[in-house]
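Throughout, a chain's letter reflects where its sequence line sits, starting with A, and its residues are numbered from 1.
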Amino acid sequence: MSHTATSMHGGNISVIGAAETTEIGSLPHMSMLDLHADAALNALADAGLTIADIDGVATAGPMALEVSHHLGINPRWVDGTMVGGGSFMLLVRHAAAAIAAGAATTVLITHGESGRSRIGMNAWERSPESFVGQFELPYGAEFPYTTFTVPALRFLHERGMSPDDLATVVLAQREWSAKNPRALKRDIITRDEVMNAPMVAYPFTKEMCCVVTDGGGALILTSAERAADLPVGDRAVYLLGSGEATEAPLVSQMTETGSFHAFRRSSAEAFSTAGLDHADIDHLMIYDAFAHLPLYGLEDLGFVARGESAAFIAEGHTIPGGRLPMNTNGGGLAYTHTGMYGMFAIQEAIRQLRGEAAAQVPDVRTSFVQGVGFYFASGASLIFSNQRP
Amino acid sequence: MTFNLPKATPETAHFWNEVKKGRLTLPYCLDTGQYFFYPRSFSPFTGSRNVEWRQTSGKATLHSYVINHRPLPGRDVISPVIALVKLAEGPVLMSNIVDIEPDPAQLNLDMPLNVKFVQIEGVTVPVFAPEGA
């Protein structure tokens, strides 16, 4: 095949297949790898392609070669970049770079995780000799809810906010999940119910923490040129810009506790590579394992000024009918969260841009997707559009 | 019941040996005049090996925290208050706050703290207590 290197951005690369596992929730009859496979087969059907069309495979969790072999694919390009639950945002941009460079033609990106049932999962153990093992685990900063959450009070304190503002995030996202039959939590609840829910790790009540589920998702990327020749070409979604950044693997070593600089750096690169500004964004997904992340995200991505995130949500700008619809599947807090939620944020962006979302936002042309990973260790940003520039 | 016990590596051994003696000693970058954490044999600010160990004052402020209400069954904890403390010398450390009720009304951000050393299963670790406690 002939190939001329092109830009990975600017709409040259497209998503032509996107699907989640047939079911999400509690799936004790499926192993982790079968969740990858179920999502992959659904995405292939969505794209009208077969296994034989895939020459690149990327995943995070299991090795890409495990997923490739499981599916019967012998790829000429693989990527297993693992930076936590937001890895899939990086894999999209790595796949775009590979396609643009001619290293792969059609890339499959998979996620599957038996986060609730723990079937066929690889062990996740951290050595007592690791720096996390020496300097964080002895203090009980061991689980997501006692580690990822620790910076939140600093964020709130520096802005004169309170735990009540975490509840605001939960309430806004329930406005979306209430419209989504696949969401795990669909009940509209009150502020008192959020604040008085069982305490998990103060200031986080149970409602401010993500759900824990089984599920998966898969994406298929190829060049916009090739997409145009496919029967599903009119449903293609284009990558306009992207960015990735990493910070500290220890939460205590964040550059700034009350602001996530990896969010700032990855989003700035995404905007600059897309040649877009915040006002150009119609739809926003911010990875929300816990309720403080959309607050960090809105501010660090620059959609609002410092200290304005909670008021922006409270004023209704991110709920149905608002000017910046955010986490429109209900998010990790209400829709689903397998452990590495990033894939689901991307899937919702694709659905919105195709006009196929459960809670469809009218006239979406652009979507910004922000990932986070290994607590506050990595960030990656994607800007998609349903129109090729 | 069991703790997650830390295990020293060559670059952190001096830190843990000092902790055992009741001293909080951190690496210091001689080029930039800054302490850094966690320990390594070079400066993460400059990449220079021009570093030395310096004992800190043990003074800190409460930078952020959570109060864990969901301890893992069978896991021992020093305190349910899992905190970031900001040392007077600059670095931020994960630690526990002891000698205080796990009560948000008493745990005020920026309150002054002092280092304290506790033994867990024979291993000494630094924790922090309110000044004067």
Q.
Run the side-chain hydrogen bond (donor to acceptor under 3.5 Å, both in side chains) test on A:Ser114 and A:Ser117 for me, step by step, so that the C-alpha distance in whole Å, both residues' side-chain angles and the decisive distance to 0.1 Å come before the verdict.
A. CA-CA 5 Å; A:Ser114 183; A:Ser117 304; 4.5 Å; no

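- Residues B:Ile78 and B:Val98 have side chains in contact (heavy-atom distance under 4.5 Å, counting atoms from C-beta outward).
- Applying the side-chain contact (heavy atoms from CB on, under 4.5 Å) test to B:Arg49 and every residue at least two apart in sequence or in another chain returns B:Phe42.
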Donor-acceptor pairs are to be reported for all side-chain atoms of residues 102-109 of chain B against protein atoms at under 3.5 Å, with residues two or more places apart or in another chain.
residue: B:Asp103; atom: OD1; partner: B:Ala105; partner atom: N; Å: 2.9

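- The choice from B:Pro80, B:Ala8, B:Ala83 that makes the most heavy-atom pairs within less than 4.5 Å of chain A is B:Ala8.
- Heavy-atom distances place both the backbone and the side chain of B:Pro39 under 4.5 Å from chain A.
- Note on ring orientation: taking the six-membered ring where Trp is involved, the planes of B:Trp16 and A:Phe135 are parallel (angle under 30°, cut-offs 30° and 60°).
- A donor-acceptor pair shorter than 3.5 Å can be found between the side chains of A:Thr168 and A:Arg191.
- Interface summary for chain B: among A:Leu137, A:Val251, A:Thr257, A:Leu153, the most heavy-atom pairs under 4.5 angstrom belong to A:Leu153.
- Residues A:Tyr139 and B:Pro126 meet the side-chain proximity criterion, which asks for heavy atoms closer than 4.5 Å.
- Comparing B:Val123, B:Asp110, B:Val125, B:Val127 by heavy-atom pairs within less than 4.5 Å of chain A, the highest count is held by B:Asp110.
- The most heavy-atom pairs under 4.5 Å with chain A, out of B:Leu5, B:Ile120, B:Leu93, come from B:Leu5.
- Heavy atoms of A:Phe143 lying under 4.5 Å from chain B belong exclusively to its side chain.
- At a 4.5 Å heavy-atom cutoff, the contact between A:Ala152 and chain B is made by backbone atoms alone.
- In this structure, the portion of B:Phe15 lying under 4.5 Å from any heavy atom of chain A is its side chain and not its backbone.
- Using a 4.5 Å cut-off between heavy atoms, A:Glu136 touches chain B through backbone and side chain atoms alike.
- In this structure, the portion of A:Leu250 lying under 4.5 Å from any heavy atom of chain B is its side chain and not its backbone.
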